[in-house]
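Notes to accompany the following structure.
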Amino acid sequence: MTREVKSTCPYCGVGCGLLVATHEDQITGVRGDPGHPANRGRLCSKGSTLHLTAARAVQLQTRLLEPRMRASRHADPAGPMRNVSWDEALDHVADRFAALIRDHGPDSVAFYISGQLLTEDYYVFNKLAKGLIGTNNVDTNSRLCMSSAVTGYKATLGADAPPACYDDIDHADCLFIAGSNTAWAHPVLFRRIEDAKAANPALKIVVVDPRRTATADCADLFIPILPGTDVALFNAMLHVLIWEDLVDTHYIAAHTCGFGALKTAVRDCTPAWAARICGIDERQVIAAARMFGESKAVLSLYCQGLNQSSAGTAKNAALIHLHLATGQIGRPGAGPFSLTGQPNAMGGREVGGMANLLSAHRDLDNAEHRAEVAKLWGIDDVPSKPGKTAVEMFDAIADGSIKAVWIACTNPAQSLPQQKRVHAALRRAELVVVQDAYKTIATMQHADVMLPATPWGEKDGTVTNSERRISRQHAAVPALGDSRDDWRIAVDFARRLEQRLTPERPSLFPYETVEQVWNEHRESTRGRDLDITGLSYARLETEGPQQWPCSDVSGMSVERLYTDGIYPTADGRARFVDVQYKAAVDAIDARFPLILNTGRLRDQWHGMSRTGTVPRLFAPEPEPALEMAAGDMDRRHLANGDLAYVTSRRGSQIVPVRANASMRSGQTFLAMHWGEEFLSGGAADGGGGHGVNALTSPAIDPVSKQPELKFAAIKVLRADLPWRFVAFAALASDELHERMQALRPLLRKFAFASFVPFGRERTGMLLRAANDGAPAPEIVAALDAAFGLDVPDVLRYDDRRRGCSRRMRVHDGKLIAVALTGEVAAEAWLRSYLESGRSVAALGRLLLAPGNKVPADFTARGRVVCNCIDVDEAAIVAAIGAAPTGITGGALFDRLQRALGCGTDCGSCVPEVKRLVAAAVSAA
Ligand code: SF4
């Protein structure tokens with residue numbers, strides 16, 4: 001029977017509502033929920049392909065379907081895992097945890113969890129660590145995402161609560177977007193910005209970003225500051241606001257404190273001073289300040305550019321100062337609005353699921369708060385010693401002070417900075433438990449115990465999006481295999497640990513349903529700033545998603561906060577705090593002269609454990625590339641596609657380079673998604689430490705403890721690797737992922753390797769590798785076997801003198817596998833034939849001809865811009881060229897949409913199509 005189930009998207013913090021179509025216990029489609037206030041029926045390219053990630057054929061290859069244990073990882077790191085029962089796995093882990101806690105104390109164990117977990121999952125893990133075990137060693141990958149937003153809000157506004165809402169975009173007359181490529185990271189929200197601009201052309205948009213991103217393309221004022229210099233810009237804007245009498249003295253006097261000291265502190269922060277630090281024109285500082293101060297309603301949108309910094313708290317506070325100084329807060333269209341990267345980073349904050357927080361926005365260092373939580377949980381005390389935050393936690397595992405770590409729903413062996421150390425830490429740990437839906441993640445190689453968890457589509461609970469809106473997430477299909485919900489696994493383990501540690505006490509985990517967990521969380525919020533006692537699962541079902549607070553006293557969901565100018569501080573006033581510009585920790589110098597910035601791609605999500613199973617999502621970015629300014633490449637004698645050693649003070653990774661006209665000289669960019677599952681290379685240290693985070697910095701903000709993932713000093717040197725290899729094979733979706741997983745260990749045999757799936761109707765896997773010299777024969781044989789080229793009917797061309805070879809298999813006139821060694825330029829047309837399934841029968845000797853003789857009828861495709869309709873850049877440029885002369889930008893864009901269909905489905909590509917149109921108009 002076909003049916004539709006309401007749920008939410010598991011990717012970004014926009015929190016779009018979904019209608020999930022199922023047929024006979026399988027997910028068959030998704031569409032945006034028209035009734036969900038976050039997206040009103042829209043989805044982006046990631047959300048709209050969720051059903052492809054959930055296809056049964058894919059899931060059966062990528063999912064962990066039963067608990068597994070390894071006999072002895074330390075004696076035999078590559079030793080086999082064996083399937084075990086849940087009882088055996090959880091009893092074993094409970095025995096080991098209990099023994100470590102007895103012998104070494106509660107702080108010898110740790111939990112590293114995730115902003116992808118549902119609120120209920122988070123709640124149980126937090127209670128397990130802090131309530132049962134007595135350690136605050138529970139932290140989350142949200143530490144990498146938004147902990148500076150938390151500390152920024154708390155320092156200035158008194159509580160961790162984004163005061164604005166999505167509807168404020170429609171009410172603002174100035175949007176101030178800083179450190180956020182909203183167009184790619186929060187695409188459906190960006191559709192709202194486009195709508196607001198269309199409805200109100202007078203809406204001013206200021207974008208502050210080191211890169212000219214797709215978001216910057218829509219800006220009335222774009223300020224390309226140097227990475228890490230945001231505080232200097234914001235302080236100088238405050239200087240201008242004060243100097244030009246654009247501050248709201250009444251609001252400051254009535255609702256804030258500390259302004260006098262800050263006014264003195266920013267006296268010397270002149271536009272000229274900021275311009276020097278930020279690498280911009282001082283007129284841009286003045287213009288931004290005037291737009292901010294003269295607008296009736298300013299809404300700031302900001303994200304990882306502010307948060308992922310050793311000055312993250314200061315950056316957040318300095319921006320919030322601008323709102324407090326101008327009274328731009330607590331009104332429709334006005335306020336500082338941090339966008340959360342992950343789908344439920346907010347839920348984790350609400351339950352206090354981090355090393356320095358407690359339930360319902362309580363603080364660990366507040367004795368009264370600890371006593372309240374202890375009373376709620378029915379225990380004597382909650383430990384006061386702060387736990388280890390993400391980077392600190394893996395340092396403590398590396399030095400042996402944390403001996404067991406439980407990792408749930410996250411992939412630290414890809415996502416944390418200083419990967420070499422993270423892998424070393426996991427190798428050293430006495431016990432590593434990995435609870436995840438996917439067996440393909442890099443962290444699994446370190447697991448002693450693997451616990452299969454249900455992913456999106458199979459689990460039930462709640463999430464909170466960036467605007468404080470709580471939505472229900474429903475299971476659309478039953479759990480696959482023996483996998484269980486994350487909260488259930490944590491409860492099953494907790495009860496076993498109680499039998500070993502506190503057998504005399506009634507269980508702290510009496511829950512039989514996920515709703516019971518949520519009800520306990522709800523009670524913990526009573527009287528707090530995020531009071532949700534007026535909500536229930538039933539109300540969320542009948543009335544739809546609701547924003548917090550929503551107490552049982554008012555019964556009303558609150559759209560925006562601080563409308564009365566009263567803040568959750570002791571005196572009810574917001575705070576101006578001391579924020580001074582400090583340079584990034586990982587300084588550039590003569591040895592490391594370039595800055596590495598990281599961020600998202602439009603169509604990928606985090607470490608790609610889910611989006612990486614949809615070949616078409618690689619079409620816009622089919623391989624990793626370090627983006628650089630063309631001049632910086634010229635100086636290094638690098639051309640597009642050349643390989644280069646990218647080296648920071650922590651590690652080195654070989655990556656292809658690519659010129660990007662949006663990059664300023666001295667800056668580079670590599671997407672955050674490329675971990676060792678897709679980008680690898682030689683491992684001199686014996687394993688681990690690949691991908692973008694081999695390079696990134698573990699420097700942390702002193703308050704938020706968030707690592708500085710967006711600033712690493714690097715050098716880039718040409719990599720001359722004479723042995724080049726490209727192989728690709730057509731593989732149906734029911735075998736593609738298993739074949740890719742089997743081949744992954746080989747990636748480390750090469751100095752460079754990138755490995756991705758590709759295709760739409762006809763899919764396959766693509767390996768590009770390079771080396772100092774030809775690899776050992778057994779590796780060549782393994783590659784042949786992996787690509788199905790180890791059979792007698794392979795067509796061959798070999799030129800041993802030149803080190804070139806070409807091997808391929810043709811079946812029924814169609815290419816099904818190709819391997820090129822030495823000369824690899826023929827990849828483009830050969831892969832086009834393989835992917836399209838066109839017959840190669842008429843090509844004859846051309847198939848094996850040396851060099852790169854291209855078939856006469858071959859037309860190279862460009863980078864895919866519109867992934868929904870499959871429109872590439874070459875087609876768009878050609879259509880622009882064919883348009884009548886004199887046609888204007890808007891009309892040209894409309895014409896393209898009619899002719900090609902690009903941007904007419906999810907709309908995620910609209911900014912890029914507009915960029916191509918603008919470039920053509922400008923050239924004309
Ligand atoms: Fe998902 Fe895209 Fe919506 Fe984010 S914007 S929640 S990724 S559909």
Side-chain angles (χ1 to χ4, degrees), residues 6-21 27 29-54 115-118 142 145-146 162 165-166 169 177 180-195 213-215 301 303-304 337-347 455-457 462-474 476 545 599-614 616-617 620 671-673 866-868 903 905-912:
K6 282 193 178 193
S7 194
T8 49
C9 175
Y11 294 128
C12 85
V14 177
C16 296
L18 298 170
L19 295 172
V20 185
I27 291 173
V30 290
R31 64 187 177 102
D33 180 355
H36 197 291
N39 58 319
R40 301 168 185 160
R42 281 172 160 159
L43 293 177
C44 75
S45 49
K46 294 183 283 287
S48 59
T49 48
L50 265 167
H51 60 296
L52 301 178
T53 72
Q116 314 266 304
L117 289 173
L118 306 184
S142 297
C145 164
M146 54 77 222
C165 60
Y166 295 156
I169 291 170
I177 304 175
S180 164
N181 185 6
T182 323
W184 282 19
H186 300 94
V188 167
L189 198 64
F190 195 73
R191 302 281 84 73
R192 280 197 171 194
I193 294 173
E194 290 171 333
D195 289 350
T213 60
T215 307
L301 301 169
C303 198
Q304 312 308 6
F337 192 1
S338 62
L339 302 176
T340 39
Q342 298 197 79
N344 198 33
M346 288 288 288
W456 170 88
T462 57
V463 290
T464 309
N465 71 4
S466 296
E467 62 165 354
R468 296 172 279 108
R469 190 176 296 280
I470 300 171
S471 299
R472 290 277 283 117
Q473 192 172 104
H474 290 288
R600 295 190 193 283
L601 297 175
R602 191 194 69 193
D603 291 357
Q604 296 293 356
W605 177 255
H606 281 199
M608 304 192 284
S609 49
R610 184 190 292 274
T611 52
T613 64
V614 183
R616 73 172 63 166
L617 291 180
M672 62 179 279
H673 313 289
C866 175
N867 218 340
C868 300
D905 195 49
C906 83
S908 299
C909 67
V910 165
E912 285 166 276

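Every number for a ligand or one of its atoms is a count from 1 in the order of the listing. As a basis for the values below, the full set of heavy atoms in this structure was taken, side chains included, without hydrogen atoms, waters or symmetry mates.
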Test of understanding: with side-chain hydrogen bond (donor to acceptor under 3.5 Å, both in side chains), list the residues that count as partners of S7, not counting sequence neighbours. none

Those residues that, when tested against P343, pass side-chain contact (heavy atoms from CB on, under 4.5 Å) (two or more places apart): Q116, W605

If the condition is side-chain contact (heavy atoms from CB on, under 4.5 Å), which residues does A214 pass it with, not counting sequence neighbours?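 If we apply the side-chain contact (heavy atoms from CB on, under 4.5 Å) test to A214, skipping adjacent residues, the hits are N181, A183, W184, P911.
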
Note, H606 side chain near Y11 side chain (heavy atom, < 4.5 Å): no

How far apart are the C-alpha atoms of D195 and R40, what are their side-chain angles, what is the distance that settles it, and do they pass the salt bridge (charged side-chain N to carboxylate O under 4.0 Å, His left out) test? CA-CA 13 Å; D195 289 350; R40 301 168 185 160; over 6 Å; no

Sum of protein N, O or S atoms, each under 2.8 Å from atom 4 (Fe) of ligand 1: 1

If every non-hydrogen atom of A38 is compared with every non-hydrogen atom of V188, which pair is closest and at what distance?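 The answer is O-CG1, 4.2 Å.
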
